[in-house]
Amino acid sequence: MPVTSEVDESVFAAESAERADGPALPINELFTSLQGEGTLAGVPSTFVRTSGCNLRCWFCDSYHTSWEPTGAWRTVEAILSAVESRDADHVVLTGGEPLIHDASLDLLRRLADRGYHTTVETNGTVVPDAPVDLVSVSPKLASSTPTPERDPTGGDGDSDGDDPGTGGDWADRHEARRIDRDVLATLADDFDCQFKFVVTGEADMPEIESLVADVRDRAETTIPDEAILLMPEGQTREQLAETRNAVAELALDHGYRYTPRLHVDLWNDAPET
Ligand SMILES: C[S@@+](CC[C@H](N)C(=O)[O-])C[C@H]1O[C@@H](n2cnc3c(N)ncnc32)[C@H](O)[C@@H]1O
Ligand SMILES: Nc1nc2[nH]cc(C(=O)O)c2c(=O)[nH]1
Ligand code: SF4
Ligand SMILES: [Mg+2]
């Protein structure tokens, strides 16, 4: 089900999630792997990847959930059966942005009822009204915003008006939506959270520091440095090899945690890993 990127994420958010056979989600892929990122790295987990996103990061490693959302509608019932047919007792709900879909809340409630440990991978723009064991928040920095030079839809990078890409169309929407400090503080107060920043270089650090300070000011709970994770940007082993040592040094310098991208080290950019 390819859907063109002229269409907003509402294609998947609005198309009825409530069907005759119950709530449903657009699923891009469902697989079992090792959690590759964050404090649970290495834990066998079943990944449920929804399609559709309210942002458009230029570096998105899940292009077919954001820039060109693709997937097949599956009922929450069918997703639960698929999860139960696998061994893992950890489930990671990701996307795209899983929390733009109401049916994600049904899925999370029913996974909790069945005793699964749930992690939600989210960009931190939506608060879920459902139980979640770990909210893995990856707030998007200014360096994530698509530009004519960083346009994964194929813009030619110059400004002569013949740019065939659509990345530029998304720059303003992405920029306006990417950070909501109140949502981030509410997530910190209401859930166990890790804040996992994608770092492209040292220039990202002032924004991370000021955002962390703002969220700490607004939240009632204490957010320890060990809940702040720096993750190198890179979709492939080759790209990660260029960024990871510098990002590890930045984590050391700032007293934050470093997270690898274990799945990229192990399986590069293969689907369903
Ligand atoms: C595809 S996103 C889906 C969940 C949610 N939309 C989000 O961004 O957190 C899953 C994770 O991959 C990270 N990610 C995406 N592209 C990346 C890249 N090129 N390098 C490093 N991390 C990336 C995101 O920051 C997020 O932590
Ligand atoms: N192995 C593995 N670990 C992951 N952790 C977060 C992922 C994601 O795409 O949200 C991811 C993923 O795609 N694969
Ligand atoms: S918020 Fe997540 S899914 Fe959406 S474009 Fe950015 S990395 Fe991709
Ligand atoms: Mg991934």
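In each ligand, atom 1 is the first atom listed, and ligand 1 is the first ligand listed. Starting from 1, each residue takes its place in the sequence as its number.
- Counting heavy atoms closer than 4.0 Å to ligand 1, residue T122 contributes backbone atoms (N, CA, C, O) but none from C-beta onward.
- At a 4.0 Å cut-off, not a single heavy atom of S136 sits close enough to ligand 1 to count as contact.
- For S66, the closest heavy-atom approach to ligand 1 does not fall below 4.0 Å.
- Close N/O approach between F31 and ligand 2 is not found [any backbone or side-chain N/O within under 3.5 Å].
- Distance from atom 11 (C) of ligand 2 to its nearest protein heavy atom, with residue and atom name: F47 CE2, 3.6 Å.
- The N/O atoms of D61, backbone and side chain alike, include one that comes under 3.5 Å of an N/O atom in ligand 1.
- E84 CD: more than 12 foreign heavy atoms inside a 6.0 Å radius.
- Looking only at protein heavy atoms, the nearest one to atom 11 (C) of ligand 1 is E37 OE1, 3.9 Å.
- Of the N or O atoms in G234, one or more lie within a sub-3.5 Å distance of an N or O in ligand 1.
- Between the side chains of D190 and T186, no donor-acceptor pair of N or O atoms lies under 3.5 Å.
- Annotation for E272: atom CD counts as buried by contact number, over 12 foreign heavy atoms lying within 6.0 Å.
- Side chains of T200 and E233: a donor-acceptor N/O pair is absent below 3.5 angstrom, by distance only.
- For ligand 2 and G36, the ligand atoms under 4.0 Å from any heavy atom of the residue are 1 (N), 2 (C), 3 (N), 4 (C).
- The shortest distance between side-chain heavy atoms of R109 and D129 falls below 4.5 Å.
- Between F31 and F47, the ring planes are parallel. Angles under 30° get that label, and only those over 60° would be called perpendicular.
- In terms of polar-atom proximity, defined here as any N/O pair under 3.5 Å, V92 makes no such contact with ligand 2.
- The neighbour count for D113 CG, taken as heavy atoms of other residues, nucleotides or ligands under 6.0 Å away, is above 12.
- T32 and T46 are linked by a side-chain donor-acceptor pair at a separation below 3.5 angstrom, with hydrogens and angles left out of the test.
- Counting atoms of ligand 2 from 1 in the listed order, those under 4.0 Å from a heavy atom of S33 are 1 (N).
- Ion pair R237/D269 not flagged as a salt bridge, since none of the NZ, NE, NH1 or NH2 atoms sits closer than 4.0 Å to an Asp/Glu carboxylate oxygen.
- Within the set E272, R49, E29, K196, the minimum heavy-atom distance to atom 9 (O) of ligand 2 is found for R49.
- A donor atom on one side chain and an acceptor atom on the other are found under 3.5 Å apart for T125 and N54.
- In terms of protein heavy atoms, atom 23 (C) of ligand 1 is closest to R261 NH2, 3.5 Å.
- In this structure, atom 5 (N) of ligand 2 lies nearest to the protein heavy atom Q35 OE1, 2.5 Å.
- In summary, the side chains of Q194 and T39 do present a donor paired with an acceptor at a separation below 3.5 Å, with no hydrogens or angles considered.
- The proximity of T273 to ligand 2, defined as any non-hydrogen pair under 4.0 Å, is limited to the backbone.
- Heavy-atom proximity to M231, at under 4.0 Å, picks out these atoms of ligand 1: 13 (C), 22 (N), 27 (O).
- Looking at G96, P232, G95, it is G96 that brings a heavy atom closest to atom 5 (C) of ligand 1.
- Every atom of ligand 1 is numbered from 1 in the order shown, and the set under 4.0 Å from a heavy atom of Q235 is 19 (N).
- No side-chain N or O of S51 forms a donor-acceptor pair with one of H64 less than 3.5 Å apart.
- For atom 24 (C) of ligand 1, the candidate residues are Q194, K140, E97; the nearest heavy-atom contact is made by K140.
- Where the criterion is an N or O separation shorter than 3.5 Å, residue side chain and backbone included, F59 meets it with respect to ligand 1.
- Considering backbone and side-chain N/O atoms, S62 never comes within less than 3.5 Å of an N/O atom of ligand 2.
- When only modelled atom types and interatomic distance are considered, T221 and D189 share no side-chain donor-acceptor pair under 3.5 Å.
- Look at Q239 and you'll find every heavy atom at least 4.0 Å from all atoms of ligand 1.
- In summary, R244 and D265 engage in a salt bridge, as defined by a charged side-chain N under 4.0 Å from a carboxylate O.
- Protein heavy atom in closest approach to atom 10 (C) of ligand 1: T94 OG1, 4.0 Å.
- The pair R216-D225 meets the salt-bridge criterion, with a side-chain N (NZ, NE, NH1 or NH2) lying under 4.0 Å from an Asp/Glu carboxylate O.
- Judged by distance alone, the side chains of E121 and S138 never bring a donor and an acceptor atom under 3.5 Å apart.
- Short contacts between ligand 2 and T94, defined as distances under 4.0 Å to a heavy atom of the residue, involve ligand atoms 8 (C), 9 (O), 10 (O).
- Near K196, with a cut-off below 4.0 Å to any heavy atom, the atoms of ligand 1 are 27 (O).
- Looking at S62 and R49, their side chains do bring a donor and an acceptor atom within 3.5 Å of each other.
- Polar contact with ligand 1: present for S138 (N/O pair, distance under 3.5 Å).
- Of the heavy atoms in C57, none comes closer than 4.0 Å to ligand 1.
- For ligand 1, the atoms sitting less than 4.0 Å from at least one non-hydrogen atom of S62 are 1 (C), numbered in the order shown with element in parentheses.
- Short contacts between ligand 2 and L34, defined as distances under 4.0 Å to a heavy atom of the residue, involve ligand atoms 1 (N), 2 (C), 3 (N).
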